[in-house]
A.B. asks: 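Structure provided below as structure tokens; questions to follow.
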Protein chains: 2
Amino acid sequence: MSDPTQKPSLDVGASPAFVKQNLRVWLKMLKATKHIEATMREKLRMEFDTTLPRFDVMAALYRFEEGLKMSELSSALRVSNGNVTGIIERLVSDGAVLRVPVVGDKRAMLVRLTHKGRDEFARMAAAHELWINDIFSSLPPDTTARLSSIFDTIEHSRGLIAGDDHA
Amino acid sequence: MSDPTQKPSLDVGASPAFVKQNLRVWLKMLKATKHIEATMREKLRMEFDTTLPRFDVMAALYRFEEGLKMSELSSALRVSNGNVTGIIERLVSDGAVLRVPVVGDKRAMLVRLTHKGRDEFARMAAAHELWINDIFSSLPPDTTARLSSIFDTIEHSRGLIAGDDHA
DNA sequence: GTATGAAATTTCAAGCTTGAATAATTACCT
DNA sequence: AGGTAATTATTCAAGCTTGAAATTTCATAC
């Protein structure tokens, strides 16, 4: 959430030119990201008749064969609890996901992909990987390497952006 | 589509290493973008009791004082037609937006900010700019400049990502 | 044991988003 | 003119998303 040690924006380094420059960069990054996301959304719908949220949920479950608790799932995806409930409901009724009670804790539910779900996701993930590759390999030569370098630097800098992903 | 310049294996199957690398970069970019977006969403809600979609609509209308047709608005924001209808409805009932019939075309509606809407947006935009600045100026030194360089290159390359924004 | 609070999940209302269907108007063509 | 196609906007169903409230269960203290 919000960091209590965060200072109000009275930074000395906030010269108007830099402020505008930061805003411009953010808007460009946002636009590029949304464009790619929209492409993935459309392709998932056209070729697999599914949605991006479902894909994201299945991706998380795919990584954890043993299953995840609902709370683990929602915090992994950084979405609200109530959100996951609905998506899982539909995945269950489609036979892609299985709900298993957790022994020793009657509150919790373990959620995991069915065999069918794993197969489906494996095919979607392979396609998704290629779609992304198509886009990035059509960009100017060093784009991926340069972006990679930037995001690595950010991650190692304890910046406000880096996710605390243990992977 | 494929333009082999420096990377090996662009045209044919794309080497597995590059495919994975592209995917990794995309996931990092997506995560960073979503994190910033979530921050903006939360701040808009906390400090101005509004939402990101409303902010986006108002931003578009702010740029066009004379107003925009619904179709222009939805294509500017790259969202569906039906989407804008609902958001505008709420903005109208909040007194931030005005609907004006277009002379000579009984189908079209011109939508523009009211005085109150302009004032509100001006305050939100100023805050938003500083929030973004806070984030980007907390990143490693050259981050903004390097990202800017990348996105400029992409724009000038007629890549698949660049938006055709004439402004 | 019992109370009190924390944790896990679901439910809910409100709003966002999409694609498709509908309705109304305008543009074009012969 | 008359007919067909394209444009403009709204409506609709389905699904996504959030934050808050409600429920059930667990853990800890007393």
Side-chain angles (χ1 to χ4, degrees), chain A residues 1-2 34-35 37-60 67-94 96-97 99-111, chain B residues 34-35 37-60 67-94 96-97 99-111:
Chain A
M1 295 286 188
S2 52
K34 293 211 148 198
H35 179 265
E37 230 187 343
T39 304
M40 296 304 109
R41 184 171 270 116
E42 163 133 8
K43 284 188 175 285
L44 280 175
R45 185 176 60 85
M46 301 291 280
E47 311 211 358
F48 294 101
D49 190 34
T50 190
T51 66
L52 206 40
R54 286 167 72 113
F55 180 81
D56 290 339
V57 165
M58 292 177 82
L68 284 174
K69 290 195 293 185
M70 293 296 281
S71 51
E72 293 172 332
L73 189 50
S74 63
S75 85
L77 299 175
R78 295 162 193 277
V79 297
S80 65
N81 284 345
N83 189 356
V84 182
T85 301
I87 299 177
I88 288 292
E89 237 157 43
R90 283 166 222 118
L91 285 173
V92 166
S93 73
D94 285 355
V97 159
R99 278 178 146 124
V100 187
V102 171
V103 295
D105 191 341
K106 288 180 197 144
R107 300 169 297 180
M109 273 296 187
L110 216 53
V111 180
Chain B
K34 293 210 146 194
H35 179 265
E37 229 187 344
T39 305
M40 297 304 108
R41 185 172 268 115
E42 163 135 5
K43 283 185 176 286
L44 280 174
R45 186 177 60 86
M46 300 292 279
E47 310 210 359
F48 294 101
D49 190 35
T50 190
T51 66
L52 206 39
R54 286 167 71 111
F55 180 82
D56 290 339
V57 165
M58 292 177 81
L68 284 174
K69 290 195 293 185
M70 294 295 281
S71 52
E72 294 172 332
L73 188 50
S74 64
S75 85
L77 299 175
R78 293 160 194 279
V79 297
S80 66
N81 285 345
N83 189 354
V84 182
T85 301
I87 300 178
I88 288 293
E89 238 157 43
R90 282 165 223 118
L91 285 173
V92 166
S93 74
D94 285 357
V97 160
R99 277 177 146 125
V100 186
V102 171
V103 295
D105 191 340
K106 290 180 198 144
R107 300 167 297 178
M109 273 296 185
L110 216 52
V111 180

A.B. asks: Report yes if the side chains of B:Val100 and B:Met109 come closer than 4.5 Å at any heavy-atom pair, otherwise no.
C.D. replies: no
A.B. asks: Identify the two heavy atoms, one from B:Ala96 and one from B:Met58, that lie closest to each other, and give their separation to 0.1 Å.
C.D. replies: CB-CE, 4.2 Å
A.B. asks: Determine the minimum heavy-atom distance between A:Ala60 and A:Leu77, stating which atoms define it.
C.D. replies: CB-CD2, 4.0 Å
A.B. asks: For A:Lys34, which residues count as a side-chain contact (heavy atoms from CB on, under 4.5 Å) partner, sequence neighbours excluded?
C.D. replies: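 For A:Lys34, the residues satisfying side-chain contact (heavy atoms from CB on, under 4.5 Å) (neighbours in sequence not counted) are A:Leu30, B:Glu37.
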A.B. asks: Between A:Ile87 and A:Lys106, just flag the one whose closest nucleotide in DNA chain D comes earlier from the 5' side.
C.D. replies: A:Ile87
A.B. asks: If the sugar-phosphate is the primed atoms plus P, OP1 and OP2 and the base is the rest, what is the B/S/- string for nucleotides 5-12 of chain D, using protein heavy atoms under 4.0 Å?
C.D. replies: --BSSBB-
A.B. asks: Tell me which pairs pass salt bridge (charged side-chain N to carboxylate O under 4.0 Å, His left out) where either residue lies in residues 38-54 of chain A, with sequence neighbours left out.
C.D. replies: A:Arg54-A:Asp94
A.B. asks: Take atom CD of A:Glu37 and atom P of C:dT17, then tell me their distance rounded to the nearest Å.
C.D. replies: 12 Å
A.B. asks: Could you state the atom-to-atom distance from CG of A:Leu73 to C1' of C:dA8 in whole Å?
C.D. replies: 13 Å
A.B. asks: For DNA chain D, determine which residues of residues 45-59 of chain B have any heavy atom closer than 4.0 angstrom to one of its atoms, and list them numerically.
C.D. replies: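 Under 4.0 Å from DNA chain D: B:Arg45.
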A.B. asks: By salt bridge (Lys or Arg N to Asp or Glu O under 4.0 Å), which residues pair with B:Arg107, not counting sequence neighbours?
C.D. replies: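 For B:Arg107, the residues satisfying salt bridge (Lys or Arg N to Asp or Glu O under 4.0 Å) (neighbours in sequence not counted) are B:Asp105.
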A.B. asks: Quick check on side-chain contact (heavy atoms from CB on, under 4.5 Å): which of A:Val97, A:Val84, A:Val57 does A:Val111 satisfy it with?
C.D. replies: A:Val97
A.B. asks: Round to a whole Å and report the spacing from CG of B:Asp94 to C1' of C:dG15.
C.D. replies: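 The answer, rounded to whole Å, is 12 Å.
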A.B. asks: Enumerate, atom names and distances included, each donor-acceptor pair closer than 3.5 Å involving a side-chain atom of residues 68-75 of chain B, sequence neighbours excluded.
C.D. replies:
residue	atom	partner	partner atom	Å
B:Glu72	OE1	B:Lys69	N	2.8
B:Ser74	OG	B:Met70	O	3.4
B:Ser74	OG	B:Ser71	O	3.1
B:Ser74	OG	B:Asn81	OD1	2.8
B:Ser75	OG	B:Glu72	O	3.4

A.B. asks: Take the protein atom CD1 of A:Ile88 and the nucleotide atom P of C:dA8, then report the distance between them rounded to whole Å.
C.D. replies: 17 Å
